[in-house]
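These notes concern the structure reproduced below.
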Amino acid sequence: MLSLTPLRIFISLQEAIVICLDVGPMMNQSPPGYCSDLETAIDVISKILQRKLFSESKDEVCLVLFGTPDTANNLSDNGYDNITEARPMGMVDLDLLQYVKSEIPPSNLSADFLDALTVSMDIIHKVTDAPGSKFTASRVILCSNLGGEFSQDKQENIIQAIKGLKTEINFIGPSNLGGDDSEDGGGPDQAGPSTSGKRQGKPKTPQQNLGERQMMEIIEEVDGDAYSFGDVMPLLSFFETKPVRQTPWKCNLEIGNNLKVPVCGYIRVKQAAAKSWKSVFEKGANKQYTPKGVTSFHLNDEEETEVEADDIVEGHRYGSDVIPISKEDKANMDYKLPGKMLQVLGFTKSENVKRHQYMGRSVFAFVADPNDDHGGVAFSAIVKALYETNSVAIVRRGATARSQPKLACLVPHIKVKYESLLFFELPYAEDLRTYTFPSITENEKFKPSEEQLQAVDKLIDSMDLMGENGEPDDDDEGDNEMLKPKEILNPVFQRLYQCLLHRALNPNDTIQEIDEMLKASLERPQAVSVSSCQAVEEMQKVFKLEVTKKTEKGTGENVFGVINQNGDAPKTAAPAPDNADVTMADMAQGAITEVGSVNPVSDFQKLVKDADDTTFKRVCKEMQNRIHQLVLESFGSQFFKKALDCLKSLRTETCQRKEPDLFNTFLRDTKQKLKSTSKTAFWQKMCTENLTLISEVECPTSDVTEEDSKKFLQDQAASQEVEMAAPDESADDLVSLIWSLVAENVEGGLGKCGGAWENVEGAWENVEGGLGESGGGLGKSGGGPGKMLRGPGKIWRGPWKIWRGAWENVEGAWENLEGPWKIWRGAWENVEGAWENLEGALENLEGALEMCRVPGKMWRRAWAKH
């Protein structure tokens, strides 16, 4: 069998390519339901042209068809009949692709494939030897099943022409040259690589065997390549992106003040990006215009007043204000750039630079400058020294004179053919994010058993990609890898190219489904799937998965159902689980969005769970405000215990999150507030609970020493004796204090009521006097009743105003009674709060009963007096 070299189609700078396609009768024969060799060959040629088109290659292609009814070539006068130059030499475009896909007709005439090679070499000779030719290489691709007749007397001339022009010959046929007696080596039902249908693996004819032997002799003489349709289809099914010629980034590697080694940097890895979409305006047929964007600035007012660009300055937001920065200020405040440089800051062990700290959008590979021999020796010594000591170099790089400096590390990379330093960017302090995650091993519930650990180890070993079935990699020194990421094409790009090509050739059709071969490229290797079956089954045994029903919370909707808008009966509620504790608080509670006053500790812990830094600080601020509210608005020591629980929870969470400053600053502020108020009893309870500042022993990020933490509690605010507003903190004295205030307000209100009634009595006396005067006026003047009535009317209005003012005093008195009522209602609210605290519930109950008896007596006395 002919030994074939690896596929190396279309790898050159600028190439002249002639594609020679057989359209004769032997290429058109196929049983019903199977695709012919001509259809498969057209599919192969289409994919070759697609790769050229999307890679924006500068190669030029000429299409030659042999076996056509007509003859159109430069050697037609010499007897080279039934050969047509269908497309002259030129760059690939959509017209050529459309012609190959749909406009190549099959023929019933046969032509000599050696004559077709001769016509192809004549075209190569003319384009490469022409004055000003830009081609650096040439290639002929012959697609045929070699079933037609041919003449052997032209073989030597063809071989000499190929060698003289240094043209590469590629043959693509149904099967490998010199293979078995059937095309593709299979039976009649074998599926081929064509996308248009199945191919029939029919036996070869004697003429085909003779043609293959003739073609093998030519390929062996000119060192050409031969492939079957099955070989090339998987490789040509993917679109090829535009190759990029790299320009080296040259600079000196500075080590200290005196050592400078010239190096060249090349991009080793960089995220590829597809070409951006372009907005066009289509007017008429085949007339497209690119619209021009115009930018204008307007004020956010009703008129949307336009502002000139010269009147706009940049500003930096600082809090709620915007600080304007002029161009001169920006130029002066910018960091002074060091310029283009690659400076070594120091060396460290490779384990000190973690893999997750690698950042940046590209990876550079630095090699020695090929034009400096002495520099190459020095560079090689640096690479080997770093490799042998397992170290890396920490460097600072400025890409250009106007670039910001980047911090990075240089990692030694030694292969058989070259030595290099790989450049990885490293983060600054502002780039790092610190997160605290709970430990899995501390909870016995989540600790895996030995059997489970062995099952996972077995699964990993069975799915190892570095297996015996992998192919050796020259760059990796013989390692066998079954799935090589550097050979997997981006499916997003491939899908985009597929859709663009389909839309260009079929403007009115719908977008096709994703190509099956593209799907298969991202599937798990078959060898890995087979080897891991047993390990997966064992994993299913040791890790049993059960479908669990989510426990519904006992809300009012779940318990009582929902009443619709029409007032109908409520829908049947889902039965609550047996172990569900349904409380009134659960039914009334909705989504927790802030730290409440009923269960502040529970709310705080739920809000800070999995919260980011910004949310955590906001929730801590809410907790701090809630603690101050509980302490400063508490009657005596009623809410002190709840405030202490909140303080403990806040201290624990800030210590775990390594944010001790949030707690320490709050505690210092609380101490000052307690000194200035009458809540020194709360400070004494803090001292009893030893709630002090978070020291550096508890949290390494704290700036408080252990000695300062202890001293903070010793300086007690209780040393400054501040009299409490209430004479005593007991429940009885608290009730007495509350109702003394109630009695005072009631007496004051009743006193105002008495004054109001006196005003009412005076008003009625004035009314009676006014009526008397009115009667006298009527008795004296019977002839002038109109005038007489106006006089009493004036007299009547005076007493009426006094009477109305008296009623306003009465209403004011009743409004004054609302103050004592609010105090009484507040007392009841405190009683309800006492019920929420399990400890001290009996004491609060007695106080509440006492509160009920005292206001009853007070109200009876007030009513009797009234």
Report yes if the side chains of H628 and K673 come closer than 4.5 Å at any heavy-atom pair, otherwise no.
yes
Can you tell me if D301 and T305 form a side-chain donor-acceptor pair at under 3.5 Å?
yes
Using a distance-only test with no angle check, is there a side-chain donor-acceptor pair under 3.5 angstrom linking T400 and S403?
yes
Rounded to the nearest 0.5 angstrom, the CZ-CE distance for R397 and M341 is 11.0 Å
Decide yes or no for N390 and E351: does some side-chain heavy atom of the first lie under 4.5 Å from some side-chain heavy atom of the second?
yes
Is a donor on one side and an acceptor on the other found under 3.5 Å between the side chain of K648 and the backbone of E689?
no
Below 30° counts as parallel, above 60° as perpendicular, anything between as tilted: where do the rings of Y358 and F424 land?
parallel
Would you say K447 has more than 12 foreign heavy atoms packed within less than 6.0 Å of its NZ?
no
Are Q629 and R626 close enough, and set up right, to give a side-chain contact (heavy atoms from CB on, under 4.5 Å), and what steps lead you there?
CA-CA 5 Å; Q629 180 186 12; R626 188 63 64 191; 2.4 Å; yes
Given 3.5 Å as the limit, does a donor-acceptor pair link the side chain of S709 with the main chain of L693, or not?
yes
Does any non-hydrogen side-chain atom of V344 lie less than 4.5 Å from one of I394?
no
Contact summary for E425 and G360, nearest pair of heavy atoms:
OE1-CA, 3.8 Å
Can you establish whether the number of heavy atoms outside Q271 located under 6.0 Å from its atom CD is more than 12?
no
When rounded to the nearest 0.5 angstrom, what is the spacing between CD in Q605 and CG in L650?
11.0 Å
May I ask you to say whether R657 pairs ionically with E653, meaning some side-chain N is under 4.0 Å from a carboxylate O?
no
Can you confirm whether E314 is buried at CD, in the sense that more than 12 heavy atoms of other residues, nucleotides or ligands lie under 6.0 Å from that atom?
no
Taking N625 for the side chain and K621 for the main chain, is one N or O donor matched with an acceptor at less than 3.5 Å?
yes
Within-4.5 Å side-chain heavy-atom neighbours: L407 and L345:
yes
Looking only at heavy atoms, which two atoms of H298 and E304 are closest? And how far apart?
ND1-O, 3.0 Å
Charged N-O contact under 4.0 Å between R317 and D321
no
Considering all heavy atoms of both residues, which atom of L630 and which atom of F639 are nearest to each other, and what is their separation?
O-CB, 3.7 Å
Does Q672 reach the main-chain N or O of D669 with its side chain, forming a donor-acceptor pair under 3.5 Å?
no
Nearest 0.5 Å please: distance from the OG1 atom of T593 over to the NZ atom of K606.
12.5 Å
Is there a salt bridge (Lys or Arg N to Asp or Glu O under 4.0 Å) between E622 and R618 once you walk through the steps?
CA-CA 6 Å; E622 293 179 1; R618 177 184 62 80; 2.9 Å; yes
What distance do E659 atom CD and C620 atom SG have between them, rounded to the nearest 0.5 Å?
8.0 Å
Output for pair (E696 CD, D703 CG), nearest 0.5 Å, gives 9.0 Å
Side-chain (S350) to main-chain (V392) donor-acceptor, under 3.5 angstrom:
no
Is there a donor-acceptor contact under 3.5 Å from the side chain of D311 to the main chain of V307?
no
Answer yes or no: is there a side-chain heavy-atom contact under 4.5 Å between F712 and L667?
yes
Counting neighbours of OH on Y428 that are heavy atoms of other residues, nucleotides or ligands and sit closer than 6.0 Å, is the number greater than 12?
yes
Okay, side chain of T615, backbone of A611: is any donor-acceptor separation there less than 3.5 Å?
no
Side-chain heavy atoms of L647 within contact of R651, under 4.5 Å
no
Is there a side-chain contact (heavy atoms from CB on, under 4.5 Å) between S391 and T348 once you walk through the steps?
CA-CA 6 Å; S391 302; T348 184; over 6 Å; no
Do S702 and N664 pass the side-chain contact (heavy atoms from CB on, under 4.5 Å) test, and can you show the C-alpha distance, the side-chain angles, and the key distance before you say yes or no?
CA-CA 9 Å; S702 175; N664 292 342; 3.7 Å; yes
Which heavy atom of D603 sits nearest to which heavy atom of V595, and what is that distance?
CB-CA, 4.0 Å
L607 side chain near F616 side chain, heavy-atom distance below 4.5 Å:
no
Can you tell me how far the CD1 atom of I627 sits from the CD atom of Q624, to the nearest 0.5 Å?
7.0 Å
Sidechain-backbone polar pair: R402 side chain, A399 backbone, donor-acceptor under 3.5 Å:
no
Begin with the C-alpha distance, continue with both residues' side-chain angles, and end with the deciding distance and a verdict on side chain to side chain donor-acceptor pair (under 3.5 Å) for D661 and T665.
CA-CA 6 Å; D661 292 341; T665 304; 5.7 Å; no
Flag the pair L662 / F666 as yes when at least one side-chain heavy-atom distance between them is below 4.5 Å, and no otherwise.
no
Is there a side-chain contact (heavy atoms from CB on, under 4.5 Å) between M686 and L644? Walk through the geometry before answering.
CA-CA 7 Å; M686 286 176 54; L644 287 173; 4.0 Å; yes
Residue pair L342 / V395: nearest heavy atoms and the distance that separates them:
CD1-CG2, 4.1 Å
Say whether, by atom type as modelled, one donor and one acceptor occur between the side chain of H316 and the main chain of I323 under 3.5 angstrom.
no
Answer yes or no: are there more than 12 heavy-atom neighbours, outside K340 itself, under 6.0 Å from its atom NZ?
yes
Closest heavy-atom pair, T692 versus F663, reported as atoms and distance to 0.1 Å, is O-CE2, 3.4 Å
